[in-house]
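For reference, positions follow the sequence shown, starting with 1.
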Amino acid sequence: MTDNTAAAAMPTESPLRTLLTGAQMLFVAFGALVLVPLLTGLDPNVALFTAGIGTLIFHGVTRVSVPVFLASSFAFIAPIQGSVANYGIPATLGGLMVAGLVYVTISQFVRLKGTAWLHRLLPPVVVGPVIMVIGLALAPVAVDMATGETSDNIGYGAAIFLSMASLLVTLVLAVFGRGLIRLVPIMGGILAGYGLALVMGVVDFTPVHGSAWLSLPSFTAPSFHWAAILFMIPVAIAPAVEHIGDMIAIGSVTRRNYLEKPGLHRTLLGDGLATTAAALFGGPPNTTYSEVTGAVTLTRAFNPKIMVVAACIAIVLAFVGKLGALLQTIPGPVMGGIMTLLFGSIAVVGMNTLVRAGKPLTAPRNLVVVSLVLVFGIGGMQFGNGQFTLQGVSLAALVGIVLNWVLPRAEEE
């Protein structure tokens, strides 16, 4: 189908229908959107604001041609948690700003050289285990939250009950849900866990009582430190590669080739600028949401203007102070139960990347690359100290890239 016939196939949208459909798209994204700041110590209202701003920036760069919504990236949860613990929130935001500029740089290389160089630099044998490290490096954090280790007023028994109930509801909705219900399993799990926490009397509403109905989000300015920047830059590699898959996925739904028009360089540029802008205000990095792509598939709402409406609604909601305060009352074990699934699913994406590549992992070259990336990334290996420490995801990505570059390739490659 050509662009013209695809456009002709779109139904004419009334303003009211566009508004309601945009609100529905935001609802689909909402659970995942606010989960990232709640898990990383950032402000949920700021995340709403930066999701809206980032989506508008993306559509400005791509000339409102791709029906996607950008919001908080799951791939950055574990790295942000590690960076905040080591360097603080402002330095972490500085690292995230630079990570967004990595997207921008990649977009310009794609514009000039195409995508072949990207696949040579980051083949599945590197990207797969790096994604696995992103999911598993801080898995103990999820377990600590799920078992109540991070909660002062919730004991082990109550914490396990809440976390496993939240996890069970999320699993049931994800596996057995139908229609729009299947697109919001995270929100369903959080609501179920929150409801149980209310019944058990472990929800503290003090933040809600002390907040105003309308208020400015708690914007945080970034600061720049080499250690945090070096820690965060490699994390951008995996989401940048996944971005290509996201564009192909939404293109298969709408029957358009977005890699050609508006072009992968434009979509990457929009994603990078959105992430940089988000960090500038104190929000998490942005990425295109597969939940929203699923909603587009289900509703056949192909008009990109719907996503612009969803972005505007997100910006308006960001100034509702009590909304952010209410989100912060969600007990830690509820979020911990969701995180156990979330971190594991990110690791599975990495495993799937390796499986789909079809290369024998026990071949000496592949065995060396994958093994060292996993052990260095998950095991806590550290090179250097002070301002130039390499560890975690950043070290794993660098080791994978260097080994892939220097080790001789097998004959079949």
Should [X] and [Y] count as side-chain neighbours, where that means a heavy-atom distance under 4.5 Å?
X    : Y    : value
I315 : L56  : yes
L323 : L317 : yes
M97  : F224 : yes
L342 : L35  : yes
D43  : T220 : no
M351 : M132 : yes
S72  : P37  : yes
V36  : F76  : no

Between [X] (side chain) and [Y] (backbone), is there a donor-acceptor pair under 3.5 Å?
X    : Y    : value
H59  : G270 : no
T329 : D204 : no
R266 : V61  : yes
S107 : V104 : yes
T275 : G272 : no
N86  : G82  : yes
N404 : R120 : yes
R255 : V253 : no
S163 : I160 : yes
T21  : T18  : no

Which value, rounded to the nearest 0.5 Å, describes the distance between [X] atom [atom1] and [Y] atom [atom2]?
X    : Y    : atom1 : atom2 : result
L19  : I306 : CG    : CD1   : 10.5 Å
T50  : L280 : OG1   : CG    : 10.5 Å
L403 : N366 : CG    : CG    : 11.5 Å
M335 : S151 : CE    : OG    : 11.5 Å
L96  : I229 : CG    : CD1   : 10.5 Å
I57  : T62  : CD1   : OG1   : 11.5 Å

Identify the two heavy atoms, one from [X] and one from [Y], that lie closest to each other, and give their separation to 0.1 Å.
X    : Y    : value
P331 : V203 : CG-CG2, 4.2 Å
W117 : I106 : CZ2-O, 4.1 Å
I134 : A78  : O-CB, 3.3 Å
D271 : F58  : N-CD1, 3.8 Å
P333 : L162 : CB-CB, 4.2 Å
F30  : L48  : CE1-CD2, 4.0 Å

TODO: Could you please spell out the steps behind the side chain to side chain contact (heavy atoms under 4.5 Å, CB included) verdict for F109 and L268?
DONE: CA-CA 11 Å; F109 273 106; L268 270 171; over 6 Å; no

TODO: Could you tell me how the ring of F49 sits relative to the ring of F319: parallel (under 30°), tilted (30 to 60°) or perpendicular (over 60°)?
DONE: perpendicular

Open item on the list: Please check if the number of heavy atoms outside M200 that lie under 6.0 Å from its CE is greater than 12.
Closed with: yes

- [ ] Might you confirm whether atom NZ of K322 has over 12 heavy atoms from other residues, nucleotides or ligands at distances under 6.0 Å?
- [x] yes

Open item on the list: For the residue pair S73 / T287, report whether a side-chain donor-acceptor contact shorter than 3.5 Å exists.
Closed with: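 Checked: T287/S73 side chains show no N/O donor-acceptor pair below 3.5 Å.
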
TODO: Report the C-alpha distance between T299 and Q24 in whole Å, list the side-chain angles of each, state the deciding distance to 0.1 Å, and finish with yes or no for side chain to side chain contact (heavy atoms under 4.5 Å, CB included).
DONE: CA-CA 10 Å; T299 62; Q24 178 177 261; 3.5 Å; yes

Open item on the list: Determine whether T40 and V84 satisfy the following criterion, side chain to side chain contact (heavy atoms under 4.5 Å, CB included), listing intermediate values before the conclusion.
Closed with: CA-CA 8 Å; T40 56; V84 168; 5.7 Å; no

- [ ] Could you check V66 against I250 for side chain to side chain contact (heavy atoms under 4.5 Å, CB included), going step by step and ending with a plain yes or no?
- [x] CA-CA 8 Å; V66 188; I250 188 64; 4.1 Å; yes

